[in-house]
Amino acid sequence: MQTIINAFPYLMEGLQVTLYIFGIAIVIGFLIGLIVALLRLAPLKILNWIAKIFVDAIRGTPFIVQLFFIYFGLNSLGFFSLDNTTAGIVTVAINAGAYFSEIIRAGIQSIDKGQTEAARSLGLNPTQTMRHIILPQAFRRMLPTITNQAIISLKDTSLLSVIGVADLTQEGRIQASATFDAFNVYLILGIIYFVVIYLLSMLASFVERKFVLR
Amino acid sequence: MSMIIVENLKKSFGDLEVIKDMSTVVEEKEVICVIGPSGSGKSTFLRCLNRLEEISGGHVYIEGTDITDPKVDINKVRQNVGMVFQQFNLFPHKTVLQNVTLAPTKLKKGDQKAVEKKAYELLDKVGLREKAKAYPGELSGGQKQRVAIARALAMDPKIMLFDEPTSALDPEMVGDVLDVMKQLAREGMTMVVVTHEMGFAAEMGDRVLFIDGGYIVEENVPKELFGNPQHERTKAFLSKVL
């Protein structure tokens with residue numbers, strides 16, 4: 001019990017870092033996803049290809065390899081130096097972005113063609129049609145899948161401990177070796193992740209109910 | 001000036017030639033009904049009039065503007081050409097009122113107050129003012145189609161295109177929608193109506209086009225076309241549907 005009380009403040013510090021990284025990365029990741037999805041659906045073949053190569057490259061490689069490539073690989077070129085937290089945010093954002101783009105693309109394509117035709121026949125241009133008619137409907141459909149990906153990305157942040165980011169997992173590792181009580185520290189670590197993710201999915205289902213598709 | 005001029009229109013989907021060669025002219029305030037067997041190209045013909053389908057050959061002039069010219073701002077042209085679809089295509093995430101006000105709001109047709117006032121007038125016209133705050137999912141098919149007509153009218157179009165507007169409706173709903181269309185016709189709207197409602201075509205059509213096999217086979221006033229068809233294919237078709 002005493003170990004847990006001693007370790008808890010450190011774990012909370014780690015949680016703050018985890019949530020900070022997750023919060024920034026998920027927003028950037030979503031924007032990347034939206035842009036890549038629109039490139040994927042753009043009427044220009046070359047843009048479709050660029051988007052597809054990006055998605056395939058990310059989906060076809062492990063997260064940890066992407067992380068090492070960005071942190072060790074890019075830094076070794078010497079053009080710039082990313083600190084480990086920034087490299088972590090970039091990796092999570094790019095990784096989530098690739099998966100988000102596929103979700104968003106499927107969501108857009110699931111909207112009936114008649115919606116586009118009705119909007120265009122009224123004189124709306126393609127951008128207005130996407131923004132006011134297609135995306136609002138698509139997002140409602142995508143919400144459960146987006147939540148799922150967000151949860152996966154949150155868990156992926158735990159891998160940033162490998163490059164020394166002082167996130168929740170890293171704090172847990174430090175506390176486990178400092179207290180010699182690995183069982184209890186990792187148990188608590190798991191519970192903290194669980195509670196955060198549980199709250200996240202509750203928030204998502206609240207939003208879902210609020211924006212139920214009529 | 002003629003409202004619509006179609007000159008040697010052609011439309012292919014890949015190797016499939018749906019419209020082979022069609023020409024016709026629609027004058028202001030005319031109501032043109034387009035009839036023909038399914039797969040004859042009549043819906044495609046209509047969808048070429050606002051370029052919802054890319055035109056493969058020939059020319060279509062809307063109020064003198066050649067919409068086959070790639071330099072034409074098609075969005076501008078479409079603001080003057082309303083369209084009503086078989087499947088209504090209302091925006092399910094918007095209320096009835098928002099469906100009607102969306103386009104005039106985004107395309108800046110006057111201030112919001114005026115746009116809403118106009119929308120309520122249009123909903124009155126189609127008999128659905130009390131449904132203004134409802135969502136499309138809460139409406140019957142006939143009500144949806146009447147909202148779709150109001151939505152198209154909100155842009156003050158000079159021309160209205162109807163693509164089998166009553167084909168997806170339960171029989172008892174058809175009358176309400178046709179009544180709204182008849183009222184529009186009487187008010188002098190230029191209309192092109194693809195329809196299976198021969199009664200409507202006979203009563204309201206200034207001219208009827210019979211389309212088959214990618215051609216306008218016959219074109220005449222309804223009395224002549226229905227009473228005294230000239231072509232074998234027209235006779236065969238009419239004998240099946242009348």
Side-chain angles (χ1 to χ4, degrees), chain A residues 30 33-34 37-38 41-48 100 103-147 204-214, chain B residues 43 46-47 49-54 73-96 98-109 133-139 144 147-157 159-163 168:
Chain A
F30 190 79
L34 184 58
L38 293 175
L41 296 169
L44 218 62
K45 272 272 181 312
I46 177 87
L47 297 179
N48 307 160
F100 276 144
I103 296 167
I104 295 169
R105 177 174 71 100
I108 290 172
Q109 285 178 325
S110 78
I111 303 300
D112 184 64
K113 225 173 133 257
Q115 292 290 307
T116 304
E117 292 184 350
R120 297 301 310 276
S121 78
L122 288 164
L124 297 181
N125 65 32
T127 311
Q128 290 165 325
T129 302
M130 191 53 84
R131 173 152 168 240
H132 300 296
I133 305 302
I134 307 302
L135 286 181
Q137 294 184 60
F139 279 135
R140 284 164 209 215
R141 279 190 203 177
M142 292 182 292
L143 213 51
T145 340
I146 289 198
T147 309
S205 53
F206 171 76
V207 175
E208 249 169 76
R209 259 178 282 125
K210 197 120 197 215
F211 291 103
V212 67
L213 191 60
R214 310 205 187 235
Chain B
S43 280
L46 192 77
R47 292 161 59 85
L49 300 184
N50 65 352
R51 230 176 75 189
L52 270 191
E53 300 292 354
E54 281 305 322
D73 181 359
I74 191 66
N75 301 315
K76 207 95 207 154
V77 175
R78 283 175 178 153
Q79 292 179 23
N80 288 322
V81 184
M83 189 167 203
V84 175
F85 300 85
Q86 183 177 352
Q87 296 300 336
F88 329 125
N89 298 340
L90 292 182
F91 307 132
H93 61 304
K94 304 267 181 201
T95 64
V96 163
Q98 290 167 337
N99 264 274
V100 178
T101 56
L102 184 117
T105 305
K106 300 304 172 200
L107 301 169
K108 307 206 167 38
K109 279 218 151 195
K133 302 288 182 210
Y135 282 87
E138 305 164 50
L139 303 181
K144 281 183 196 166
V147 172
I149 294 173
R151 178 177 68 178
L153 291 173
M155 288 302 293
D156 276 324
I159 300 166
M160 284 285 283
L161 309 176
F162 293 85
D163 190 3

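Labels below follow one simple rule: chain letters A, B, ... track the order of the sequence lines, proteins then strands, and each chain is numbered from 1. All heavy atoms count here, side chains included; hydrogens, waters and symmetry mates do not. This structure is a prediction, so every number in the text was calculated from the model and none was measured.
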Results of ring pair (Phe, Tyr, Trp, His ring centres under 6.0 Å) for B/F162 - residues two or more places apart only
none
Heavy atoms only, distances under 4.5 angstrom: which of B/L107, B/N80, B/L90, B/N50 has the most pairs with chain A? Name it, please.
B/L107
Expected output: side-chain A/H132 to main-chain B/A103 donor-acceptor under 3.5 Å:
no
Top residue by heavy-atom pair count (under 4.5 Å) with chain A, among B/I74, B/N89, B/V77, B/V84?
B/N89
Where does B/K76 contact chain A at under 4.5 Å (heavy atoms): side chain, backbone, both or neither?
neither
Part of A/Q128 within contact of chain B (heavy atom distance under 4.5 Å):
side chain
First locate atom CG of A/L124, then atom CZ of B/R78, and finally report the distance between them rounded to the nearest 0.5 Å.
10.0 Å
Of all heavy-atom pairs between A/A118 and B/F85, which one has the smallest distance, and what is that distance?
CA-CE1, 3.6 Å
Ranked by heavy-atom pairs below 4.5 Å to chain A, first place among B/L52, B/L161, B/V81 goes to B/L52
Looking at A/N125 and B/N75, what are the two nearest heavy atoms and their distance?
CB-ND2, 3.4 Å
Under 4.5 Å from a heavy atom of chain A, the part of B/F91 involved:
both
Is any residue of residues 104-114 of chain A within less than 4.5 Å of chain B by heavy atoms, and which ones?
A/D112, A/K113, A/G114
Which of B/Q79, B/K106, B/R151 passes side chain to side chain contact (heavy atoms under 4.5 Å, CB included) with A/L122? It is B/R151
Please check if atom CG in A/L44 has more than 12 non-hydrogen atoms from other residues, nucleotides or ligands closer than 6.0 Å.
yes
Sub-4.5 Å side-chain heavy-atom contact between A/Q115 and B/P92:
yes
